[in-house]
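Right, one structure below, let's go through it.
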2 protein chains.
Amino acid sequence: MAARAGVRAARAALSGRAPGARPPTSRDVASAAGVSQATVSLVLGDKWRGRVSERTAGLVREAAQDLGYRPNLAARSLRLGRTRTALLVVPAMTSEFFAQVYTGAAKVAAEHGFGVVLYPSPEGIGPARDPFDSARTALDGVIASSMAADALASIRGSDLPLVMLDSDPAETGPAAHVNLDIADGVRRLTEHLLGLGHRRFTHIAADVDSWTFVVRARALADALTDVPDAELRTVRAELSVDGGRRAAEAALGSPGPRPSALVCDDDFLAAGACKAAHRLGLRVPDDVSVTGFDGLTLATALEPELTTLTLPAEQVGARGMAALLAVLEGRPAETGDLPVTLAVRGSTAAPRPA
Amino acid sequence: MAARAGVRAARAALSGRAPGARPPTSRDVASAAGVSQATVSLVLGDKWRGRVSERTAGLVREAAQDLGYRPNLAARSLRLGRTRTALLVVPAMTSEFFAQVYTGAAKVAAEHGFGVVLYPSPEGIGPARDPFDSARTALDGVIASSMAADALASIRGSDLPLVMLDSDPAETGPAAHVNLDIADGVRRLTEHLLGLGHRRFTHIAADVDSWTFVVRARALADALTDVPDAELRTVRAELSVDGGRRAAEAALGSPGPRPSALVCDDDFLAAGACKAAHRLGLRVPDDVSVTGFDGLTLATALEPELTTLTLPAEQVGARGMAALLAVLEGRPAETGDLPVTLAVRGSTAAPRPA
DNA sequence: CCTCGGACGTTATACGTAACACTAAGGAGT
DNA sequence: ACTCCTTAGTGTTACGTATAACGTCCGAGG
């Protein structure tokens, strides 16, 4: 009660009105302009071509301006059955990568009067409530990044328009896919390492089965099949700096010839790999080359800077939102993979002759 | 038109109903339970103690369950004048710190049926639209982090309930403040460095005038005033790895005795400082100690790991949201500064005797 | 002179919810 | 027998918007 009155008074002050007064409605604008509420709705909704005279339209717009009229979003949503809100499902918001994806999506959304809400990982938000469940009536569509299949189940079951980011294009169900040309990037990265003379590779692989990591692994293996003397091992690692460190220590410390290049599934793992090398008394890139993935700030914060594949995170989000908007309007979504960039930096160099 | 039909069909499928059917409303539940819509509202709104019999309440709940009834949020908002949505204003979403703040706020919000939307920096979202402007009618309150004063102007002017994070407690206007005991943290950090024997300090300071950075500078100066032979210089730096590198190169390369400790305003600056030291052929921590601020993942990704002040980012967000909820309900918000943690790691050591 | 169709608006209604005001029945108190 | 209270609900309304369906005026064509 007190809270409600507080909110109301606050709203009033937004437009410089006296506290206690209601915010202006389309009806207020109507009486100020001397027309009916319906006309206000037509004019401000840009649906008046030929139905309202130029002069009246001007009057309405002026009155709306004077009163500081803002349409009530709740009322509009109720009337239209649409909410102009999309859900972005990400595995974890704490990653800079998904923060950028969100930013890109939010920018495009804002241009179309849409909002974006987040659903940051099933376990992150507390076990008691399923925010997706409670938000269902307030969503127009869902943009979901690559996640474990079971986490997606409840989303798939909803049948809301769904756009998938960086995930298996063969999957049926999603209205659209926004994918990256990761295979091409990995191929270029591998060629870079091969060109430097590397032949013994160890893949520090994420221990989750997201499509994106499956592709990374496959592309790396594919790129090395043509090279007769190349050798590829794989060590799985928890997705964290420390997980990368442990995996790399195992890889570098294991018996047999030491790998000369550690290809890591993301920049955090690569940072861990660099730490592992340091602990074992090896130097990067002189004794071992290390590559990352994602192109986060972290990649240039390290010494040496990481050679990495930079993903256009913001573009992914932007394109995802654009695709959702297209689907909602019945247009075909833009297709074609987004390119990734190979950033060659200090963490890779020619291996020392054995 | 087509889009609207698509959304409607999708909604229907959410509850396993045939496509084309409307989602169930409270009136549908009412007729299924053999009561009036008003009774359904009472029961599901938990306002029926003494007004509806236990038996009838059970019937209503059962019917709601069977039909998969979800209240329509738009209708509820329209009726109540409240939206159960808060705005979180952050300077940039790309930072891990604010991502964590968001996570904390969203968790608490979800527990109370609230949502959180983001307003990621005035310039970040595109110049054409002011999302705060368009969202005003759909907000119950605002949580804003420390920003430049002018960026806050339009928010302050709104008079919506406002909670400020890590900002000047003397500021009037905000309904509540959530602050960190940064002064205490800086004092402990300084004592740590003094204890190691450091006397020549250079503060790599952020070149923005947010309250939090003002406090950091002041606390550092205060902690050194009692130490007669201590010396403090300040170099301002753009808030980025490269900004930190440039500032540190200037500090370490300038004439006169070299500083033995670089106290940086955040972890990115500290990472840049480490790179600068490396470029100048100095070793961290043997030749120069470096400290960070924030305690991001970055701090432990570097080699050596950064000694830093770890801020409880998620707690900040959680407490901010809790404070906003308190204000909205007319309760006093919890007060008291949140503690920060000094994480002593490899980037600080005793200076070499001159 | 009649009517017919633009041009310009208006009236009325529905969206789904929450809450106020009311009622009807049954029992207690006097 | 009368009022008064409690229990257990119901009828109605309002929130603010968008739009379908409906007038009205007026000049032109027959």
Side-chain angles (χ1 to χ4, degrees), chain A residues 1 3-5 7-8 11 21-60 64 67 69-84 113 134 136-138, chain B residues 1 3-5 7-8 11 21-60 64 67 69-84 113 134 136-138:
Chain A
M1 189 68 166
R4 183 174 174 179
V7 169
R8 181 163 285 176
R11 294 264 174 75
R22 296 174 309 97
T25 71
S26 59
R27 203 162 268 117
D28 297 332
V29 176
S31 64
V35 297
S36 74
Q37 179 267 332
T39 304
V40 173
S41 188
L42 286 175
V43 171
L44 298 180
D46 252 1
K47 304 220 178 308
W48 56 284
R49 39 223 153 193
R51 300 174 54 74
V52 177
S53 72
E54 202 78 46
R55 202 183 66 89
T56 308
L59 254 49
V60 168
L67 293 175
Y69 168 72
R70 300 290 148 189
N72 182 311
L73 269 49
R76 179 177 284 175
S77 294
L78 177 60
R79 175 66 231 247
L80 259 38
R82 289 179 286 114
T83 55
R84 304 200 146 244
S134 71
R136 289 186 331 196
T137 58
Chain B
M1 189 69 166
R4 183 173 177 180
V7 170
R8 181 162 285 175
R11 295 263 174 74
R22 293 175 310 99
T25 71
S26 58
R27 206 162 267 117
D28 297 332
V29 175
S31 65
V35 297
S36 75
Q37 181 267 333
T39 305
V40 172
S41 187
L42 286 175
V43 171
L44 298 181
D46 252 1
K47 305 220 175 311
W48 57 285
R49 41 226 149 193
R51 299 175 54 75
V52 175
S53 72
E54 202 77 46
R55 202 181 67 89
T56 307
L59 254 48
V60 169
L67 293 175
Y69 168 72
R70 300 289 150 190
N72 181 311
L73 270 48
R76 178 178 286 175
S77 295
L78 177 59
R79 176 67 233 249
L80 260 37
R82 290 179 287 113
T83 53
R84 302 200 148 245
S134 70
R136 288 185 332 197
T137 58

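A quick note: this is a predicted structure, and the numbers were derived from the prediction, not measured. In what follows, every chain begins at residue 1, and chains take the letters A, B, ... in the order their sequences are listed.
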Can you name the atoms? Protein N/O to nucleotides 24-29 of chain C N/O, anything below 3.5 Å, with the distance.
none

Give, for atom CG of B:Leu78 and atom OG1 of B:Thr83, the distance between the pair rounded to the nearest 0.5 Å.
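Reported value, rounded in 0.5 Å steps: 12.0 Å.
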
Out of curiosity, B:Arg84 CZ to B:Arg76 CZ, how far, rounded to the nearest 0.5 Å?
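Separation between the atoms: 7.0 Å.
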
Quick check on DNA chain C: between A:Gly34 and B:Lys47, whose nearest nucleotide comes earlier from the 5' end?
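Nearest nucleotide further toward 5': that of A:Gly34.
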
Using atom [atom1] of [X] as one end and atom [atom2] of [N] as the other, report the distance to the nearest whole Å.
X       : N      : atom1 : atom2 : answer
B:Leu59 : D:dG9  : CG    : C1'   : 14 Å
B:Leu42 : C:dC22 : CG    : P     : 17 Å
A:Glu54 : C:dA7  : CD    : P     : 14 Å
A:Trp48 : C:dG6  : CH2   : C1'   : 17 Å

Which protein N or O atoms sit under 3.5 Å from an N or O of nucleotides 15-17 of chain C?
from: C:dT17; atom 1: OP1; to: B:Tyr69; atom 2: OH; distance (Å): 2.3
from: C:dT17; atom 1: OP1; to: B:Asn72; atom 2: N; distance (Å): 3.3
from: C:dT17; atom 1: OP2; to: B:Ser26; atom 2: N; distance (Å): 2.5
from: C:dT17; atom 1: OP2; to: B:Ser26; atom 2: OG; distance (Å): 2.7

Name the residue closer to the 5' end of DNA chain D, choosing between B:Ser36 and A:Thr39 according to the nucleotide with the nearest heavy atom.
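It is B:Ser36, whose closest nucleotide lies nearer the 5' terminus.
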
Might you point out which heavy atoms bring [X] and [Y] nearest each other, and give the distance in Å?
X       : Y       : answer
B:Ser31 : B:Asp28 : OG-O, 3.1 Å
B:Val29 : B:Ala64 : CG1-N, 3.8 Å
B:Ala57 : B:Val52 : N-CG1, 4.0 Å

Table of protein N/O atoms under 3.5 Å from nucleotides 25-27 of chain D N/O atoms:
none

Can you figure out which of C:dG9, D:dA8, D:dT10 approaches the side chain of B:Ser53 most closely?
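Closest nucleotide among those given: D:dA8.
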
What are the atom names and distances for every N/O pair under 3.5 Å that joins the protein to nucleotides 20-22 of chain D?
from: D:dA21; atom 1: N6; to: A:Arg51; atom 2: NH2; distance (Å): 3.4

Over all strands shown, is A:Val40 touching base, sugar-phosphate only, or nothing at heavy-atom distances under 4.0 angstrom?
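No contact at all - A:Val40 keeps every heavy atom at 4.0 Å or more from the nucleic acid.
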
At 4.0 Å (heavy atoms only), tell me whether B:Ser77 reaches a base, stays on the sugar-phosphate, or touches nothing.
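Nothing, no heavy atom under 4.0 Å.
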
Can you run down the salt bridge (Lys or Arg N to Asp or Glu O under 4.0 Å) pairs that involve residues 31-47 of chain A, sequence neighbours left out, and say none if there aren't any?
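For residues 31-47 of chain A: none.
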
Review item, side-chain donor-acceptor pairs of residues 37-44 of chain B, under 3.5 Å, at least two apart:
from: B:Gln37; atom 1: NE2; to: B:Ser26; atom 2: OG; distance (Å): 3.4
from: B:Thr39; atom 1: OG1; to: B:Ser36; atom 2: OG; distance (Å): 3.2

I would like to know whether A:Leu59 and A:Val35 meet side-chain contact (heavy atoms from CB on, under 4.5 Å); could you show each step before the answer?
CA-CA 9 Å; A:Leu59 254 49; A:Val35 297; 6.0 Å; no

